[in-house]
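Report on the structure given below.
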Amino acid sequence: MKIRKKPFGIMISSVALVLAMQMPVSYAASLSDLKDQKSNVEGQKEQLNSEIHEKASEINSIEKKQKKLLEQITKITDKITNTNNEISIVKQEIHVAAGEIEKLKSNITALQEKIDQRNELLAERARALQANGSVGFLDVLLGANSFVEFIDRYSAVNTLMDADRQIMKEQKEDQLKLEEEKVVLENTKQELESKKAELDSLKASLDSQKKEKDNLIDKLEAQQKQATSEKKKLEVKYEDAVELSDDLNAQIAAEQQRLLEIARQQEAERKARAEAAAAAAAKERAANSNANSNARSNYSSNSYSGGGQSGGSAPSVSAGNWTKPANGTFTSPYGARVHPISGSYNFHYGIDIANGIGTPIVSAADGVVTYAGPLSTYGNVVMVTHSIDGQVFTSLYAHLSSINVGVGTQVSKGQKIAGMGSTGASTGSHLHFEIHVGTWVNQATGSVNPLNYVSL
């Protein structure tokens, strides 16, 4: 068994796993106990494996959510980048507009100076006219001393009037232009400021969304970390269960080997006894030809105590290595058949002998009991392992009403081991009898037709 240093929590889990069984492995009393413990460990392994798969599925689900959120965050980040670019452009436009406004202010200042100069000029004219009194256009013209002076005065008056009109026109145009430029620049600046405010609001919303997604990612990462940690703990427990199962397999194999050795020794002793009996019988025959038959009769009567129980009697012992396990009616052969309960077509791995409840059931050959107790749909079961001429066999007796032997008991051919019954999946009192080549693993492994070995 592989040794490795484990955290304290894992050691506690391993101890709990062992204590959950019927008894510690090191104190297993029989093959049946070991198999029960192995069955419990296999159940633990199956449960742990199921939980590991659940955790793996949970981690996979979290990873998918993370991937989806990361895609969303990527899109939001792209939008934030684009928004920042737009904000930068708008800021530049606002900067340009601010520069234009500064230029316009400079132009406005220059224009205002021109307007002020014109206003000063017009005011000067007005003061001059006021100082000289009211002089009419005709007075100026008629005051000429000659025609040439008249023409000069006419031309000068027109020039002054044209100049005044031009000043007034430029004044008005400059003032309109000033107002228009002010309105355009102010509107442009307001539009840019409004656009910047919208972009700032959009960026704030995107930042909030990204923060929310980041928080979800953090939570998922925490869940993933926890699920991964739990999965690792389950995997360690599963490894412990696998090691324990391997240890139990080794102990089961060792126990089976021990029982087989007992069966082989029993066979050797049986052969020695048979040879001694044969030698004694040969001597007896020389003195009395009936001695052998009397000895056989006495052996048979000693082998079947309890044969008068209700339901039937014990069968006669056959010569050879095997004998039939019970008296009764042969009701079902070995092979394919329609199941009497489910009605489905299946394979029957033994033969059935029907008789009353309590009818004696005997061991079909010399051997060692390797299982005695309930077993799934078989109901109450006894298994006997035999070593016959170097070949290992296991006989199985199912649906028993009572069991008269325990695991490790050495039994002789024809010795009573149980009473017939109807436990498990059974429609009536009968014996389901199987023979397997090798040790019993399951109903199919090593299964052979019992009628090849016993005669009914």
Side-chain angles (χ1 to χ4, degrees), residues 1-21 25 37-95 191-249:
M1 183 175 179
K2 184 173 64 179
I3 304 297
R4 69 170 182 275
K5 191 174 181 180
K6 301 174 179 142
F8 181 73
I10 302 304
M11 292 174 65
I12 294 297
S13 300
S14 301
V15 171
L17 181 64
V18 174
L19 292 178
M21 301 174 184
V25 174
Q37 292 181 45
K38 185 176 185 301
S39 176
N40 289 336
V41 172
E42 292 301 323
Q44 292 282 346
K45 284 170 59 181
E46 185 177 350
Q47 178 65 27
L48 288 168
N49 193 44
S50 175
E51 291 179 8
I52 289 170
H53 283 301
E54 287 178 4
K55 287 298 175 185
S57 177
E58 181 181 343
I59 292 170
N60 185 50
S61 176
I62 291 172
E63 289 175 348
K64 287 182 179 178
K65 289 180 181 178
Q66 284 179 321
K67 183 179 179 182
K68 187 175 181 180
L69 281 172
L70 287 173
E71 290 174 353
Q72 293 175 357
I73 289 174
T74 300
K75 291 180 180 178
I76 292 173
T77 303
D78 291 342
K79 287 182 180 179
I80 290 173
T81 301
N82 293 335
T83 303
N84 284 332
N85 292 337
E86 290 183 24
I87 290 173
S88 298
I89 293 171
V90 171
K91 283 182 177 179
Q92 183 62 29
E93 290 177 350
I94 291 173
H95 179 72
E191 289 175 0
L192 290 171
E193 293 290 347
S194 176
K195 185 175 182 180
K196 181 177 179 296
E198 290 178 1
L199 289 171
D200 287 339
S201 176
L202 174 61
K203 183 176 181 297
S205 175
L206 291 171
D207 287 339
S208 176
Q209 292 179 39
K210 184 176 182 298
K211 184 177 180 181
E212 182 181 351
K213 301 296 182 184
D214 287 339
N215 289 336
L216 287 175
I217 283 287
D218 291 340
K219 290 180 181 179
L220 286 174
E221 286 178 349
Q223 292 176 13
Q224 183 185 32
K225 184 177 180 181
Q226 181 180 356
T228 301
S229 175
E230 291 174 354
K231 180 172 176 284
K232 287 181 179 178
K233 290 179 181 178
L234 289 170
E235 287 172 344
V236 171
K237 288 183 181 180
Y238 183 80
E239 290 176 6
D240 291 339
V242 169
E243 291 179 4
L244 194 56
S245 179
D246 291 342
D247 188 35
L248 285 168
N249 283 335

Handout entry: Salt bridge flag under 4.0 Å for residues Glu221 and Lys225
Key = no
Handout entry: Approximate separation, where rounding is to 0.5 Å, of Gln66 CD and Gln223 CD
Key = 9.0 Å
Fill in the blank from the handout: d(Glu42 CD, Asn49 CG) to nearest 0.5 Å is 11.0 Å
Practice task
Find the distance between CG (Leu48) and NZ (Lys233) and round it off to the nearest 0.5 Å.
Solution key: 14.0 Å
Practice task
Could you tell me which residues satisfy side-chain contact (heavy atoms from CB on, under 4.5 Å) with Asp78, sequence neighbours excluded, listed by chain and number?
Solution key: Thr74
Completion exercise
d(Glu71 CD, Ile76 CD1) to nearest 0.5 Å is 12.0 Å
Exercise for the section: Examine distances only and state if a side-chain atom of Ser57 and a backbone atom of His53 form a donor-acceptor pair shorter than 3.5 Å. Expected result: no
Handout entry: Lys195 vs Glu191, salt bridge (Lys or Arg N to Asp or Glu O under 4.0 Å): CA-CA, chis, key distance, verdict
Key = CA-CA 6 Å; Lys195 185 175 182 180; Glu191 289 175 0; over 6 Å; no
Completion exercise
In short, Ile217 meets Ile73 closest at the heavy-atom pair CG1-CD1, 3.8 Å
Problem - Polar side-chain atom of Asn84 near backbone of Ile80 as donor-acceptor pair, under 3.5 Å - result: yes
Exercise for the section: Any chance you could lay out the side chain to side chain contact (heavy atoms under 4.5 Å, CB included) test for Glu63 and Ile59, step after step, and finish with the verdict? Expected result: CA-CA 6 Å; Glu63 289 175 348; Ile59 292 170; 3.7 Å; yes
Problem - Ion pair Lys211/Asp207, N-O distance below 4.0 Å - result: no
Exercise for the section: Over all heavy atoms of both residues, which pair between Ile52 and Tyr238 is shortest? Give the atoms and the distance, please. Expected result: CD1-CB, 3.8 Å
Exercise for the section: State which residues pass salt bridge (Lys or Arg N to Asp or Glu O under 4.0 Å) with Glu58; sequence neighbours excluded, sorted by chain then number. Expected result: Lys55
Exercise for the section: Look only at the side chain of Ser50 and the backbone of Glu46, and say whether a donor-acceptor pair between them is shorter than 3.5 Å. Expected result: no
Practice task
Mind checking the CG-CG spacing from Leu220 to Leu69? Nearest 0.5 Å is all I need.
Solution key: 6.0 Å
Exercise for the section: Using atom types as modelled and distance alone, determine if a side-chain donor or acceptor of Ser205 lies under 3.5 Å from a backbone N or O of Ser201. Expected result: no
